[in-house]
Amino acid sequence: MVLQLQSQVKQLQQQQKPAGRHAATTRTDNLPRARPRFISETPVLAQHGAPDFTGPMRIDGRAVPPYSVDMNPVPVTVAGQPLTVAGEPVAVPEINLSSSSPAFLTQTGVDTAPAVFRIGSVSVKLGGFVDMSNIFRDKNLTAGPATPWGSFPYSGNPNAHVSEYRPSAQLSRFSMLVEGKPSRDVTVEAYVEGDFGGSGSNSNGVQTNSYVPRMRQAYLAADDDSLGLHFLAGQAWSLATGYTKTLLRRHEQLPPVVDSNLIPGVTFTRVPQVRFIKDFNRKWWLGLSVEAPQATIGFDDSSLTSGGVLPAAAGESTGPHVIYNSTGSGMLDPEAHYSLDVAPDIVLKGAVDTSAGHYEVYGLARWFRTVTVAGSGYSGQVRPHVAFGGGVGGSMAVPLLSDKIQFVGDVLAGQGIGRYGPGQLPDMTFTGTGAPAPLRQINGSVGLIGHPTSNLLLYTYAGVEDARRSTYMGEDGNYYGYGSPDTNLSGCAIMLGTCNAETHTLASYTFGGWWHLLDGRYGSIMSGVQYTYVRKFAFRGTDDAGMVSRPTASGNTVFVTFRYYPFQN
């Protein structure tokens with residue numbers, strides 16, 4: 001389509017010999033003069049009286065539709081009259097909120113944007129938005145626009161008695177999609193997406209607020225429609241994430257919330273991976289993804305670090321040294337710790353698209369590793385330990401009331417699945433020998449998304465993340481591990497006391513909405529309001545009197561957000 005438009009512009013330029021780049025633009029007498037917007041390169045034309053052509057190029061004289069574009073263009077008007085280019089009305093995609101997971105909210109809307117320019121037969125599209133979020137929390141987390149849901153403090157912490165206000169533009173996002181078609185049925189693409197959620201040594205909130213760009217997604221993909229095969233390699237949302245339809249990238253069923261950490265209970269990671277998908281008549285889907293692993297540790301002795309000595313188990317005089325992570329080097333963060341990974345996480349998922357909604361079921365396989373050292377010097381003995389974990393899960397997106405409301409839900413249950421929840425409960429603890437002990441867990445959420453009008457979207461979600469106790473008996477008669485009933489929790493309620501409480505359950509409730517304020521050739525402007533309530537329950541322990549104690553904490557978070565989408569125009 002862009003090639004046809006460029007050909008039309010060249011013909012006009014030869015006929016009219018324009019003085020400037022955009023002088024080929026024509027206008028009717030009753031239209032006010034307006035500054036052209038890349039009219040010579042990017043508009044979508046309604047080809048009246050010509051063969052239907054909706055793709056960026058032709059192969060063997062036949063129109064080829066772009067693989068990822070799914071838009072309903074509407075004419076651009078000026079003073080009530082259609083804007084024309086070379087005698088044809090310009091049409092652009094219209095932003096509306098009549099979707100259960102609008103691409104321009106949860107992604108960047110790049111798929112519905114026109115090509116900005118072309119390199120040979122490859123089209124380049126830009127997407128993204130500028131975001132300004134005002135964040136209010138009734139507890140001080142000293143956190144930006146990604147709320148650490150499991151960090152709301154107990155009453156003994158002074159931060160539990162003060163609120164915080166965090167304005168931030170870090171969620172501003174940009175993306176680029178490069179697409180090409182080697183043949184009629186094959187599409188190849190590269191996609192890059194980033195924001196300003198990174199922090200460097202010079203990032204400070206006093207004077208410059210100089211937060212650094214970070215990679216959100218970066219992958220290559222290829223599709224063969226004739227064979228129903230799809231390939232992806234790079235960093236993307238995990239295949240364990242729920243989808244609105246299909247199992248293809250940028251169709252993830254992400255809650256339309258503002259918070260970069262989504263909401264407790266929703267299953268997701270965003271990791272490097274290699275993915276293969278087969279579709280059967282674009283109704284049934286089967287996907288396999290091999291993804292980068294990481295494991296987090298929970299242990300009731302907060303002083304234990306990698307390489308430290310475990311409390312001796314019953315029947316043993318001393319405990320082993322246990323190594324479970326190492327600091328980063330090379331191009332990894334030298335201030336972060338990385339687990340001793342033995343194999344990738346593997347996700348196998350099946351899905352079906354029906355008139356009654358989209359449904360998925362999948363299995364997740366994970367492996368965990370530690371290394372123990374008994375003794376020291378020449379007599380020291382090293383032993384690696386590997387444990388298997390994973391789980392089963394599913395998700396759905398069901399239209400209700402003639403698509404005015406969508407019911408969405410997801411669940412994941414198994415052992416060692418903490419990293420897949422926004423609450424970031426630990427994946428594992430230790431046995432008395434120092435071997436990994438994956439924790440039994442369940443994460444889940446349900447939500448309703450309503451769009452009463454094309455410029456208004458309302459949503460509400462409830463979610464839960466829960467981990468079970470895993471302990472061993474020590475030589476001293478106490479229990480150790482995650483959720484030990486012997487842990488003294490008195491400090492959780494004493495000001496400036498030491499609190500060793502470990503999270504058993506996170507429960508949350510969220511509601512909010514988006515209002516589409518303005519839309520036109522200048523882009524689109526939206527405003528959003530979101531409220532989330534979180535309740536945190538610790539495992540039971542004891543107090544100074546030996547009585548049972550179970551600390552709880554709660555938190556309230558409010559987002560008031562303004563966004564500008566310059567590419568949706």
Side-chain angles (χ1 to χ4, degrees), residues 133-168 199 203-206 259-265 296-305 308 335-337 418 421-426 429 439 463-467 469 478-510 530-559:
S133 292
N134 299 274
I135 309 161
F136 304 85
R137 299 186 182 99
D138 67 340
K139 306 292 192 299
N140 180 32
L141 303 184
T142 317
T147 305
W149 300 111
S151 297
F152 280 91
Y154 297 102
S155 60
N157 189 323
N159 285 320
H161 303 276
V162 292
S163 61
E164 71 172 336
Y165 166 58
R166 299 287 175 189
S168 176
S199 60
S203 299
N204 70 83
V206 177
D259 201 299
S260 185
N261 201 22
L262 302 186
I263 50 178
T296 56
I297 306 296
F299 194 72
D300 50 22
D301 184 353
S302 59
S303 65
L304 179 69
T305 59
E335 297 181 0
H337 296 85
Q424 288 296 285
L425 299 181
T429 185
L439 301 174
V464 65
E465 298 182 29
D466 181 89
R469 175 183 288 117
N478 295 321
Y479 287 92
Y480 296 94
Y482 187 74
S484 170
D486 299 324
T487 302
N488 189 323
L489 303 178
S490 296
C492 299
I494 299 175
M495 191 57 59
L496 299 179
T498 299
C499 182
N500 292 320
E502 293 169 312
T503 303
H504 183 298
T505 303
L506 282 174
S508 70
Y509 174 70
T510 298
Q530 176 187 321
Y531 166 77
T532 299
Y533 171 78
V534 172
R535 186 78 171 176
K536 180 170 68 171
F537 301 88
F539 283 99
R540 288 182 175 87
T542 61
D543 60 17
D544 287 336
M547 304 297 292
V548 173
S549 173
R550 189 185 187 188
T552 64
S554 62
N556 299 275
T557 300
V558 176
F559 276 76

- Task: Evaluate side-chain contact (heavy atoms from CB on, under 4.5 Å) for D466 paired with H504, printing each intermediate quantity in order.
- Result: CA-CA 6 Å; D466 181 89; H504 183 298; 2.9 Å; yes
- Task: Check the pair F152 / L506 against side-chain contact (heavy atoms from CB on, under 4.5 Å), numbers first and verdict last.
- Result: CA-CA 11 Å; F152 280 91; L506 282 174; over 6 Å; no
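Within the 4.5 Å cutoff, the side chain of N134 has heavy atoms near those of the P167 side chain. The shortest side-chain heavy-atom distance between N140 and H161 does not fall under the 4.5 Å cut-off. The closest side-chain heavy-atom distance from P153 to L141 is below 4.5 Å. Taking the side chain as every heavy atom from C-beta outward, Y154 and L489 never approach each other to under 4.5 Å.
Legend: salt bridge (Lys or Arg N to Asp or Glu O under 4.0 Å) pairs involving residues 481-491, not counting sequence neighbours: none detected.
Across every non-hydrogen atom of W149 and G423, the tightest pair is CB-CA, 4.4 Å. Closest heavy-atom contact between V548 and R540: CG1-CD, 3.8 Å. A pairwise comparison of heavy atoms in A146 and A143 identifies O-CB, 4.4 Å as the closest pair. Pairing each heavy atom of L439 with each of P426, the nearest pair is CD1-O, 3.5 Å.
With sequence neighbours left out, T510 forms a side chain to side chain donor-acceptor pair (under 3.5 Å) with T532. Checked against side chain to side chain donor-acceptor pair (under 3.5 Å), R137 has the following partners two or more places apart in sequence or in another chain: T147, E164. Annotation: ring-ring contact (aromatic ring centres under 6.0 Å, His included) contacts of Y533 (sequence neighbours excluded): none. With sequence neighbours left out, Y482 forms a ring-ring contact (aromatic ring centres under 6.0 Å, His included) with F539.
Going from atom OH of Y480 over to atom CG of D301 covers 7.5 Å, rounded to the nearest 0.5 Å. Rounded to the nearest 0.5 angstrom, N556 CG and S163 OG are separated by 11.0 Å. For the atom pair OG (S554) and CG (D138), the distance works out to 6.5 Å, reported to the nearest 0.5 Å.
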Mind listing the side-chain donor-acceptor pairs of residues 494-502 below 3.5 Å, one per line with the distance, residues two or more places apart or on another chain?
| unit_1 | atom_1 | unit_2 | atom_2 | d |
| --- | --- | --- | --- | --- |
| N500 | OD1 | S302 | OG | 3.4 |
| E502 | OE1 | G483 | N | 2.7 |
| E502 | OE2 | D300 | N | 3.0 |

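Although no hydrogens or angles enter the test, the distance criterion places a donor-acceptor pair under 3.5 Å between the side chain of K536 and the main chain of G150. Using modelled atom types, no side-chain atom of S549 and backbone atom of D543 make a donor-acceptor pair closer than 3.5 Å. Panel note: side chain N261, backbone P422; a donor-acceptor pair is recorded below 3.5 Å.
Under a cut-off of 6.0 angstrom, the local environment of CZ in F136 is crowded, with over 12 non-hydrogen atoms contributed by other residues, nucleotides or ligands. Within a 6.0 Å sphere centred on CZ of R535, other residues, nucleotides and ligands contribute more than 12 heavy atoms.
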